[in-house]
Amino acid sequence: MSTEPTSGPAIRLLSVDFDCPDPAELARFYGEALGLPVVYSSDDFVLLGREGSSGLGFIRVADYRRPTWPDPSQGKQAHMELGVDDLDAAHARMLALGAVEPPVQPHPDERRVLLDPAGHPFCISTQD
């Protein structure tokens, strides 16, 4: 994969969007966890971010099915890695915000896998 710039049109990331049953609830969770404000909100979509930066979006899906990670029957759908300075403190904060700890922790000394309120797995890690 080349990292050389191309002469094609400029493309920029606007947002990464997550399907969920309740966009406001998931936006509250990630907004508090990451310190991001709501920049747009409707009944079916909420966007978090800051002016001039990529954001996180949450889209209402009526027949949403939670991921079943690590069981592959309903794939994880998305996965975020969040950097933290203190793994134990960040773990406790995310649980207090509404995250759930799954029964499987592949590398608990390096990173912790948690599930957001809609069931999407994400990791907190002290690795850069």
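No hydrogens, no waters, no symmetry mates; every other heavy atom, side chains included, goes into these values. Just so it is clear, the model here is predicted, and its values are computed rather than measured. For reference, positions follow the sequence shown, starting with 1.
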Original post:
Is it true that atom CD of Glu81 has more than 12 heavy atoms of other residues, nucleotides or ligands lying nearer than 6.0 Å?
Top reply: yes
**OP:** Answer yes if the side chains of Ser42 and Asp44 hold a donor-acceptor pair under 3.5 Å, and no otherwise.
**Re:** no
Side-chain atoms of residues 34-41: list all donor-acceptor pairs with protein atoms under 3.5 Å, sequence neighbours left out, distances to 0.1 Å.
none

**OP:** Would you confirm whether Arg65, through its side chain, and Gln74, through its main-chain N or O, come within 3.5 Å as a donor-acceptor pair?
**Re:** no
**OP:** Please round to the nearest 0.5 Å and tell me the distance separating atom CE of Met80 and atom CG of Asp116.
**Re:** 7.5 Å
Subject >> Cluster overlap Leu97 with Ile124, hydrophobic side-chain contacts below 4.5 Å >> reply: yes
Original post:
Of all heavy-atom pairs between Phe29 and Gly98, which one has the smallest distance, and what is that distance?
Top reply: CE1-C, 4.0 Å
**OP:** Indicate yes or no: at least one non-hydrogen side-chain atom of Phe58 is less than 4.5 angstrom from one of Asp22.
**Re:** no
**OP:** Heavy atoms only: give me the nearest Val113-Pro106 pair and the separation to one decimal.
**Re:** CG2-CD, 3.9 Å
Subject >> Test item: Leu114 and Val100 side chains (from C-beta on) under 4.5 Å apart, heavy atoms >> reply: no
Original post:
Is there side-chain contact between Ser15 and Leu56, with at least one heavy-atom pair below 4.5 Å?
Top reply: no
Let me check something: any side-chain donor-acceptor pairs from residues 82-92 under 3.5 Å, sequence neighbours excluded? List them with distances.
| unit_1 | atom_1 | unit_2 | atom_2 | d |
| --- | --- | --- | --- | --- |
| Asp86 | OD1 | Asp88 | N | 3.1 |
| Asp86 | OD1 | Ala89 | N | 2.9 |
| Asp88 | OD1 | Arg112 | NH1 | 3.2 |
| Asp88 | OD1 | Arg112 | NH2 | 2.9 |
| His91 | ND1 | Arg112 | NH1 | 2.8 |
| His91 | NE2 | Glu101 | OE1 | 3.1 |

**OP:** Write down the atom of Glu110, the atom of Ser125, and the distance for their closest heavy-atom approach.
**Re:** O-OG, 3.4 Å
Original post:
Rounded to the nearest 0.5 Å, how far does SG of Cys20 lie from NE2 of His120?
Top reply: 7.0 Å
Original post:
Do the non-hydrogen side-chain atoms of Tyr30 and Phe122 ever get within less than 4.5 Å of each other?
Top reply: yes
Original post:
When you measure from the side chain of Arg111 to the backbone N and O of Cys123, does any donor-acceptor pair fall under 3.5 Å?
Top reply: no
Subject >> Any donor-acceptor N or O pair under 3.5 Å, side chains Thr68, Ser73 >> reply: yes
Subject >> Distance, nearest 0.5 Å, that separates OG of Ser54 from CG of Leu48 >> reply: 13.0 Å
**OP:** Would you name the heavy atoms of Val46 and Ala27 that are closest together and state the gap between them?
**Re:** CG1-CB, 3.3 Å
Original post:
Any side-chain heavy atom of Ile59 sitting closer than 4.5 Å to one from Phe18?
Top reply: no
Subject >> Main-chain N/O of Pro117 paired to Arg66 side chain as donor or acceptor, under 3.5 Å >> reply: yes
Subject >> Pro121 vs Pro67 side-chain heavy atoms within contact, under 4.5 Å >> reply: yes
